[in-house]
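Some notes on the structure that comes next.
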Amino acid sequence: MDKRYFSDKIVEWYQENRRMLPWRQTKDPYKIWLSEVILQQTRVNQGLPYYLRFTETFPTVTALANASEQEVLRLWQGLGYYSRARNLHKCAKVVSKDHHGTFPKTFEELKKLPGIGEYTAAAIASIAHYEAVAVVDGNVFRVLSRIFGIDTPINTTEGKKVFAELANKLIPETSPDIYNQAVMEFGAMYCVPKNPLCAECIFKTQCTAYEKGLQNLLPVKIKGKESRKRYFYYVVIQKGENSLLMKKRVEKDIWFGLYDFPLIESTKPIRADKVIEKTTALYPIYRVSESVTVSDLYKHVLTHQTIFCKFIIIKTSRNMPAPEKSMKFYSLSKVGDLPKPVLISKFLKKSYLL
DNA sequence: AACGCGGGGAT
DNA sequence: ATCCCAGCGTT
């Protein structure tokens with residue numbers, strides 16, 4: 001298919017079918033950047049409320065830079081991939097301090113900033129500054145692999161190269177911003193992963209995958225290894241009526257920088273009586289055996305691991321000290337302000353109505 | 001080149 | 001139950 005035909009046709013489609021989204025109403029590089037980071041590995045519907053909260057709370061990059069990391073993580077709570085939030089904050093500080101609050105304008109300069117990789121740099125440079133550099137995201141892989149019948153695996157170095165080169169060959173010099181967004185929107189709305197809407201597709205007569213019936217086989221992706229299972233037994237120590245013992249996760253692991261309870265981890269499930277035994281050994285000062293209850297099983301299915309979790313709830317009297325320096329008792333209202341994994345938030349909501 | 005990192009919606 | 005999403009940084 002002719003390159004010019006493809007870009008014209010998809011841009012025409014976009015202008016008639018695009019969703020109205022707040023980050024499409026602005027050319028402010030700060031807001032473009034914010035939306036792009038939020039939308040990394042995240043669907044529009046999941047990211048939208050976060051975008052609205054961030055732009056409302058932090059109208060400028062300097063406002064964001066002046067916040068604490070805790071505030072940023074708190075606002076990011078529930079969105080996942082929390083290194084995005086830490087890099088977002090880091091990047092805001094760099095832009096605020098080293099660039100006088102103005103983002104660099106070129107693809108190459110943008111890519112040097114924390115949290116900005118190939119995709120995000122291309123998105124900002126093209127959308128905010130009309131640089132003719134193609135974005136290559138999951139949508140682009142899908143649309144191009146199907147229409148042009150490319151079966152190079154997308155999660156290999158070779159695949160990334162092949163698709164980036166093709167994408168940059170297709171992007172027009174005029175309106176690269178519209179073109180990039182058009183391909184992504186088309187991938188999100190029509191050329192979807194499973195059962196794409198080929199019957200009403202504007203490229204029905206040109207699409208290699210449709211012609212050969214390969215829609216559900218493209219793009220090709222090498223299978224990763226299967227996710228591991230982890231068993232978390234959270235020890236929830238409630239002091240008086242109003243405070244809970246919590247700790248910040250500092251180990252290099254899931255939920256780094258977020259707060260949860262002290263926990264006993266295992267690669268295999270442990271019987272409840274055994275868990276209570278271990279808890280007694282760990283926290284003898286709370287006299288665990290007298291007041292312990294165990295919650296139902298919480299199953300938390302993530303892409304890279306499945307976490308099976310139970311909460312062991314121990315009530316203790318006032319004026320008991322925290323058992324370790326890294327832990328601290330927080331009143332329930334303060335607990336509500338701490339950034340926590342959704343698993344913890346759900347448990348708290350159910351048990352303590354936070 | 002491979003791995004770790006979240007949560008939610010669609011199928 | 002599985003896949004995948006407007007990916008990035010580290011090992």
Side-chain angles (χ1 to χ4, degrees), chain A residues 14 18-19 21 23-24 32-51 73 76-88 90-91 110-124 126-127 134-143 153-161 163-164 167 177 179-189 191-197 216-217 219 221-230 249 251-258 298-307 339-346:
Chain A
Y14 177 70
R18 70 191 185 124
R19 292 168 287 182
L21 297 168
W23 48 86
R24 290 178 178 169
I32 305 289
W33 164 69
L34 198 50
S35 72
E36 293 303 342
V37 175
I38 287 172
L39 292 173
Q40 288 167 7
Q41 298 290 283
T42 303
R43 314 243 174 198
V44 164
N45 286 336
Q46 189 187 359
L48 182 53
Y50 289 84
Y51 173 83
L73 280 173
W76 199 270
Q77 181 180 18
L79 196 53
Y81 284 149
Y82 297 92
S83 66
R84 286 185 293 169
R86 290 191 300 275
N87 283 330
L88 188 82
K90 222 184 282 179
C91 182
L110 284 162
K111 209 151 58 68
K112 295 176 183 169
L113 294 167
I116 300 187
E118 300 275 336
Y119 167 77
T120 307
I124 300 171
S126 65
I127 297 171
V135 296
V136 184
D137 73 335
N139 295 301
V140 176
F141 281 127
R142 202 164 50 247
V143 172
I154 61 173
N155 54 345
T156 61
T157 306
E158 174 67 9
K160 290 181 177 67
K161 195 179 123 201
F163 284 95
D177 56 331
Y179 169 81
N180 273 339
Q181 295 180 85
V183 181
M184 294 191 284
E185 184 79 344
F186 185 71
M189 306 300 290
C191 200
V192 293
K194 283 177 185 163
N195 308 318
L197 313 181
N216 289 327
L217 298 176
K221 196 172 185 176
I222 309 281
K223 287 264 257 183
K225 61 175 206 177
E226 55 186 293
S227 70
R228 67 173 165 155
K229 294 175 165 53
R230 303 172 78 176
R249 293 182 67 90
E251 56 275 27
K252 200 177 73 182
D253 192 7
I254 191 173
W255 301 326
F256 175 78
L258 274 61
Y298 285 69
K299 187 179 177 185
H300 195 48
V301 183
L302 306 173
T303 305
H304 314 281
Q305 53 190 297
T306 303
I307 294 174
K340 301 170 293 294
V342 291
L343 188 60
I344 306 294
S345 299
K346 283 178 184 166

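In the text below, chain A, chain B and the rest are named by the order of the sequence lines, each starting its count at 1.
Under the 4.5 Å side-chain criterion, counting only non-hydrogen atoms from C-beta, A:K161 is not in contact with A:T156. Between A:T306 and A:S227 the shortest side-chain heavy-atom distance falls below 4.5 Å.
When heavy atoms are screened at a 4.0 angstrom cut-off, A:W23 is found touching base atoms of the nucleic acid. Nucleic acid contact for A:K90: none, since no nucleic acid atom lies under 4.0 Å from a heavy atom of the residue. Counting non-hydrogen atoms under 4.0 angstrom, A:K160 reaches nothing in the nucleic acid. Counting any heavy atom pair closer than 4.0 Å across all strands shown, A:T120 reaches sugar-phosphate atoms only and no base atom. Nucleic acid contact class of A:R24 (heavy atoms, under 4.0 Å, all strands): base.
A residue-by-residue look at A:P193 and A:L113 shows that A:P193 has its nearest nucleotide of DNA chain C further toward the 5' end. Each of A:I116 and A:E36 lies near DNA chain C, and the nucleotide nearest A:E36 is the one positioned closer to the 5' end.
For DNA chain C, the outermost nucleotides in 5' to 3' order that have an atom under 4.0 Å from a heavy atom of chain A are C:dA1 to C:dT11.
Counting heavy-atom neighbours within 6.0 Å of A:E226 CD, excluding the residue itself, gives a total of 12 or less.
B:dG6 sits 15 Å from C:dT11 when the P atoms are compared, rounded to a whole Å. Rounded to the nearest Å, the gap between the P atom of B:dA10 and that of C:dA6 is 12 Å.
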Legend entry - Letter per nucleotide, 5' to 3', of nucleotides 5-11 of chain B [B base touched, S only sugar-phosphate touched, - untouched; heavy atoms, 4.0 Å]: BBBB--S
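From A:E36, atom CD reaches atom CH2 of A:W23 across 9.0 Å, with rounding to the nearest 0.5 Å. Taking CH2 of A:W33 as the start and CD1 of A:I124 as the end, the distance is 8.0 Å to the nearest 0.5 Å. To the nearest 0.5 Å, atom CD of residue A:E158 and atom CZ of residue A:F163 are 10.0 Å apart. A:K111 NZ to A:Y119 OH: the interatomic distance, rounded to the nearest 0.5 Å, is 15.5 Å.
Paired with A:Y50 under the rule side-chain contact (heavy atoms from CB on, under 4.5 Å), one option of A:T42, A:L79, A:L34, A:L39 passes, and it is A:L79.
Residues forming a salt bridge (Lys or Arg N to Asp or Glu O under 4.0 Å) with A:R84 (at least two apart in sequence, or on another chain): none.
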